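Reading through the structure tokens given below for one structure.
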Amino acid sequence: MKTLVLVNQKGGVGKSAIATVLAHYLAGLGLRVLAVDLDHQANMTKPLTLSGKAVVSSTTADKVLTDAAATVEVAPLVLLPSNSPTLLALERQPDRHTEFARNVRGFLRRMSTQFEVVIIDTNPNPDIRVVAALVSATHALSPIQLNQESLDGIRALFNHERVGVARIKERLNPHLEFLGMVPTMVENTPFQRRNMETLMGSSSYRERVMTMGGSDGRGEGGPFAMIPKRSVVAETQASGRYLPEIRNQTAARDAWREIEPVLRRVAHLLGVA
Ligand SMILES: Nc1ncnc2c1ncn2[C@@H]1O[C@H](COP(=O)(O)OP(=O)(O)OP(=O)(O)O)[C@@H](O)[C@H]1O
Ligand SMILES: [Mg+2]
């Protein structure tokens with residue numbers, strides 16, 4: 001079983017949008033998918049619930065940390081929904097943090113016969129939820145935005161004392177594989193082009209941007225991954241519709257043509273397709 005955490009302490013970079021569409025996409029490939037919404041903002045819970053395609057579990061996401069015996073319904077696509085007040089309260093129980101992290105590990109181990117992929121959407125604050133997810137995950141992916149504020153945060157993405165991906169890998173989870181940063185909401189403006197050049201100008205950042213491999217999404221290298229800014233993506237987050245199923249809109253078809261290769265690449269890098 002592969003466990004992918006969407007992580008970036010910067011808010012509003014597209015974590016939940018990618019987590020949602022990826023859950024649909026992987027389930028559409030015939031994989032058994034568990035989506036876990038650790039964010040109290042519930043931005044993956046809303047669209048997956050509205051879509052009608054996921055079984056909304058009676059186990060809320062906080063139970064993954066707090067309940068050593070948490071179980072999940074058997075279905076091809078299951079959502080552990082966000083439970084805001086309880087999720088927010090976890091950080092305020094430091095004496096239980098070790099137990100929380102241990103519970104996540106045990107939970108994922110128990111789920112490994114039931115699901116092939118777990119997608120975890122996280123909150124932007126660097127708290128125990130993010131730590132516990134990263135400590136037991138197999139993979140992490142970081143959507144980033146090409147604005148100055150977001151670029152300033154990249155160093156923290158890797159080196160943040162508590163939730164930096166490199167720090168976690170070094171100290172707590174040597175198996176964690178970073179799939180890369182994926183620029184999202186990309187616009188062809190002079191401002192974003194300049195920021196893209198800044199990003200790519202640093203070799204240590206450039207080598208951490210996800211690449212697309214060959215034309216079939218396999219192999220090494222290839223062009224850099226990116227997801228363009230398309231209003232239809234925001235609309236699908238609000239309505240719960242799955243992008244490729246909006247057939248009567250050219251904008252939706254065009255956006256899907258741009259986004260689907262990135263999802264295929266993620267599936268390949270996860271080793272599930
Ligand atoms: N490619 C895109 N094109 C246009 N809008 C997008 C795109 N991706 C995401 N959005 C929209 O941008 C907003 C922020 O995205 P999202 O909620 O996925 O970010 P996030 O990183 O999960 O934020 P948070 O850190 O608050 O959890 C949402 O309204 C979402 O619908
Ligand atoms: Mg989010």
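Atoms within a ligand are numbered from 1 in the order they appear, just like the ligands themselves. Only a predicted model underlies this, so the values are computations on that prediction, with no experimental measurement involved. Throughout, residue positions are numbered sequentially from 1 according to the sequence presented.
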Name the residues in contact with ligand 1, where contact means a heavy atom under 4.0 Å away: which are they? K10, G11, G12, V13, G14, K15, S16, A17, D39, Q41, P124, M185, I227, P228, K229, R230, V233, A234, Q237
State whether the side chain of N173 and the backbone N or O of V135 hold a donor-acceptor pair below 3.5 Å, judged by distance alone. yes
For residues 169-223, which residue pairs pass the ring pair (Phe, Tyr, Trp, His ring centres under 6.0 Å) check, not counting sequence neighbours? F158-F178
Just to be careful: counting only protein atoms that are N, O or S, how many fall under 2.8 Å of the Mg ion (ligand 2)? 1
State, yes or no, whether a side-chain contact exists between L4 and E177 at a heavy-atom distance under 4.5 Å. no
Per the side chain to side chain contact (heavy atoms under 4.5 Å, CB included) rule, which among S150, S142, P124 passes with V13? S150
Any carboxylate oxygen within less than 4.0 angstrom of a Lys/Arg side-chain nitrogen, looking at E260 and R264? yes
Short N-O contact, E161 and R171, less than 4.0 angstrom: yes
If two hydrophobic side chains count as joined below 4.5 Å and joins carry through other members, does L90 share a cluster with V64? yes
Using distance only, find each side-chain donor-acceptor pair of residues 217-225 under 3.5 Å and give its atom names and separation, not counting sequence neighbours.
from : atom 1 : to   : atom 2 : distance (Å)
R218 : NH1    : H268 : ND1    : 3.4
R218 : NH2    : A273 : O      : 3.3

Is a donor on one side and an acceptor on the other found under 3.5 Å between the side chain of R32 and the backbone of T113? yes
